[in-house]
Each structure stands twice: as C-alpha cells, then as structure tokens.
Amino acid sequence: MTTTKVRTRFAPSPTGYLHIGGARTALFNWLFARHHGGTFVLRIEDTDEVRSTHDSVDAILESLRWLGVAWDEGPETLEADRGPYAPYFQMKRLQSYRDRARKLLEAGKAYPCYCTKEELDEMRRLAQLEKRPPRYDGRCRRLADEKRRELEAAGKKAVLRFRMPDEGTTMVPDLIRGNVHFENALLQDFVIMKASGVPTYNFACVIDDHAMEISHVIRGDEHLSNTPSQLQLYAALGFKAPLFAHLSMILGPDGAKLSKRHGATSVLEYRDQGYYPKALRNYLALLGWATTESQELFEEEELFRKFSIEGCQKSPASFDPAKLLWMDGEYLRKLPVQELLDAAKPFLEKAGLWGKPGLEKVATLEREKYKLLSDVPKLVDFFFKDELDWTEKAKKLVGDGSRTILGDLAAELSKLPSFTAKPLEEAIRGFCSAKSLKTSQVFHPVRAAVSGRTEGPSLFDMLEVLGREKVIERLRKAAGSN
RNA sequence: GGCGCGUUCGUCUAGCGGCCUAGGACGCCGCCCUCUCAAGGCGGAGACCACGGGUUCAAAUCCCGUACGCGCCA
C-alpha cells in the first residue's frame, strides 16, 4: 500500500496583518503536518494586485515566526528559490496558471468572456428581480469565432471562465463535516483568469495545491462553498483532489465575527502587549479543538502527538481574552526566571531596566504575579527607582501614625548584623512586641515605605533583596527624618 | 434570495443510545492559607443539552421539521 506523504499548507493573502483566525488556521496545518511527520508549506497568495503589499508579507512571516509556527517550505527557506515546489509567491508562478488555462481553453473546458461590468451588473439585477440566484448566464459560452474576432479586433479584453457542468451534483468529502453535496446547476461559470492575465483565487489555489502536492487542505469554513467549484477544476484538469477539512470560524466574545472592536485581532498586537508566544499558541490550539481528556496545557510535543482532525469542532468558537490571559500567566509562572527575563527583554529595555544588577533577584520576588511579559518591568521597577511612584493607599499608610514607627525601626534595623529574611523577620517581630504593636501596624507601612505600594512580595524577602542601604534610606525618608 | 454549515453552563469544551439528577477549564462568588497582592487548596452558583415532532424499553447522543446565527454566490 502506498501512503501519500502528508503535505499541508497555509496560503494567506498579504493584504493586511495576520489575524488570530489566520494564525489558528496556520497552526492547525502545522500541527497536522507534524502529527503525521509531514511537511508544512507556506504559500503567499498575492494575486490581488491592488491590495497585496510587501509589508503584509513581512508581517505574516514575522507573526508566524514569533508564534513558533515554523513552515518547512516557503519564503525564506532553503527551498524558497530552488526547491522542487518553488517559488512560493503566486505572482511568480503566473506562467503555470496561464499554461493550465490555455489547456482548459483548448479542451473547451474554459472560454473567453467579453461581458462588461455593466452587463454583469444588469444580469445580477435581473436575477435578483426574478428572485433567481445571481449567476452568470453563460452567454459567452457559444460565441461564434467570427464574433469573437470582432470583439478582439475592437480591443475588447476577455476574462477566462470555467465551464461548469449544468447538471449533477458535486460532493465535497470533508474530514470535519462529512460529505457535503452541492447542485452543479447552482454553481456558475466562474472566472479563472482575469483580463490582466492574473488568475483568480479559486484557480490559482487549485493549480498550486496540485503542483505543490498538497495532500490536505485545512482552511477556514468560508471556503467550503468554494470547494465544489474547485473540485470541478481538479476533475477538468485531470488532477487528483486533496482531502479537505474546513475549520469553524473564530468569533468575538459577543458571538459576532471577531473584529477590531473586540480588541486586538492581529498576532503582532499580542506580541506587543506582552503575551508569551507559546501561551497564545496553546490557547489558539484550544479554539475549536479539544482532546477527550479535557487537557488544557500542552507541551509542543504533546500538541504534535495529540492533535487530530477528529478533535476539531464544527461549530464556531468565541475568542475569550480572559482565558488567554490566564494561560499566559500559567506559562510565565513555569518559566525559569532567566528565561522569563530574556522573554521580557523588549519590555525591560523600554523601561530602562535591562541589565540592571539585581534584576533577577527582584524579578524572582514577584514570580507568580506576572500575567504578561509587560508586567515584569511594572512589578519590578520599585527596586531601581530613586523616587518611588507612590500609590494613594501606600501614601496613606506611611502617614502621620506610622512616621515614628518607621523611624524607630530604621534605627533598629541599621544595627542588624545580618540583613537576610530570617533575622529581619525576627528583628521586626521583636520590634513589634517590644513596642506592643500589632504586626500589621508595622508590616504594611514598611512595605509601603520601601516600595511605594501596598501590594508586593513577602515583606522580609523583599527587604533582603533591597538590601540594608536602600531599606534604611527609604524608611528614614518615609519617616521624614531624612 | 438561493445553496451550504452550525446550535451542550457567560466562554472554550467532554459526551459519539443506558455510566448524564450532563464532566472539566476560564471567568464569577465564598472559605482556607497568609504580612499585602498573587499563587495554591477547598467549596458554590451557573446548561430544562436552540425549539417542535418522531424512532427506541431507553436520546444531549439517531431521523425529520422549525427558529436563530454564520458563510458563499457579491
């Protein structure tokens, strides 16, 4: 038995940033390929001449790289220029579409259509009036050669249309949805080549999926209705069709299609907000896919091993930012501090904290509090500031009632032989009982005095890390005796 | 409008004819731990399985309609 090698692809149009939905599609293709020891291909579908941009290409590549969804073939790989399937930009493959189009034309399976936009609009209008599906009426199907020469001579530009069968049904075998049937009579003679000589989406994608030997087309739900047309193309070209799997869409928290008004939709925005890429990737894997063991957190290898099309959901999934945030914290908490700092480097640099001595120790103090990488500088900066950013609550705590306490304590602690957590705790607790103060009367003002905040790490650990000099100085300052 | 797809707690989901008076996770609430905030532990509220019909001894699970949502034709 011959088993075909699994080859999947992600084929974005570079007409904007990579959004969450696209990233999820790419991810599933990648996971599926990895699961089967196959190859994941990235192909850029840049046939939209007006909307495609180089910036978009860059953004898409950067997004995938950042997310850790690594394509095996595609732009910027070893095969990019010379591999058997290269190139990976559709605009560099125009010749192959034109060759195939000519073959279809010669075989009578496609025909030139000279209808103007006005004629098509009129067709559509009439159809709507008569409550028929708006569909090209095939008037150029049987254009006499003479008439055609006339139009050509008059300088009329033609598009190329594919001749759909008039009857019968086309069945789309879908790995997620089962067999879906479509009436051919309802499918229209769609355009495969534009007048400019550039192919349309449905045509180019069929040619390429065949040329690149794609075994499984895993893509968004919105393409399900295009699939019967594509299947007819495969048949007309004598190609073996790949297997299809149509993924449900991703909706916003309110059930409407995910869009900018729901917050960030671009992968790079999540990067810039401080999300940890593996966490986002893990979260995305869970949107529309699940295992039977109700596991939530996956190592990369586990994802490869456990991912399956069977676990893919038919119904759309809502993107839940709250769960993503939880998951991000979950990942950050497990990270060794040094790795955490490396990951947070851009944010620490922006705050001017990167490379500061003691950073690792302070960062460790707040260990379990980071939800985002961008939280790291925010929770750690008190250590490095000469002038603390006082919160209102903290200011109140070091108010009149506590000044003498803080001053006395400063004096006490300056004599402490060893400035480490244990002795500090003993000393401060001793101080409390000596002065008949409740611990809370001392602990809270001290925290406020040394950090400017009311929330923070365990007090004694924090004092140890801050060190004698800073602690005494800050206590005195707060006490107003300095 | 036609065709197609979908519908289990607020959200992601488990479930594939009896184990379901529907399980887990996020979020929410409470308690415990505790020097604060987190983290962690324990517990709680939250789903008449969209609705209506069948099939069956038995249905969230199978079948048929309806509604609603979404996609494609644009």
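So that the names make sense, note that chain A is the first sequence line, chain B the second, and so on, each numbered from 1.
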Tell me which nucleotide among rA25(B), rU36(B), rA39(B) gets nearest to the side chain of Lys323(A). rA25(B)

Give none if rG65(B) has no partner; otherwise give the nucleotide forming a Watson-Crick or G-U wobble pair with it, both distances under 3.5 Å. rC51(B)

Whichever of Glu222(A) and Glu366(A) has its nearest RNA chain B nucleotide further upstream toward 5': Glu366(A)

Nearest-angstrom distance, P atom, rC49(B) to rC26(B): 25 Å

rG1(B) - base-pair partner by Watson-Crick or wobble geometry, distances under 3.5 Å: rC73(B)

Nearest-nucleotide check on RNA chain B, Thr454(A) vs Asn202(A); residue mapping nearer the 5' end is Thr454(A)

Pair partner, rA14(B) [Watson-Crick or wobble, under 3.5 Å]: none

Side chain of Ser294(A), heavy atoms from C-beta onward: which of rC5(B), rG23(B), rA25(B) has the nearest atom to it? rG23(B)

Charged N to carboxylate O under 4.0 angstrom, Arg453(A) versus Asp389(A)? no

So, with a heavy-atom separation below 4.0 Å from RNA chain B, the residues of residues 20-30 of chain A are none

In a table with atom names and distances, give each donor-acceptor pair under 3.5 Å that connects a side chain of residues 309-318 of chain A to protein atoms at least two apart or in another chain.
{"residue": "Ser318(A)", "atom": "OG", "partner": "Gly252(A)", "partner atom": "O", "Å": "3.1"}

Could you tell me how far apart Lys438(A) (NZ) and rU36(B) (P) are, to the nearest whole angstrom? 13 Å

To the nearest Å, how far apart are Asn179(A) CG and rG4(B) C1'? 14 Å

Identify whether the distance between the nearest side-chain nitrogen and carboxylate oxygen of Glu49(A) and Lys194(A) falls below 4.0 Å. yes

Whom does rU21(B) pair with, Watson-Crick or G-U wobble, provided both distances fall under 3.5 Å? none

Sorted by number, the residues of residues 301-315 of chain A with heavy-atom contact under 4.0 Å to RNA chain B: Gln313(A), Lys314(A), Ser315(A)

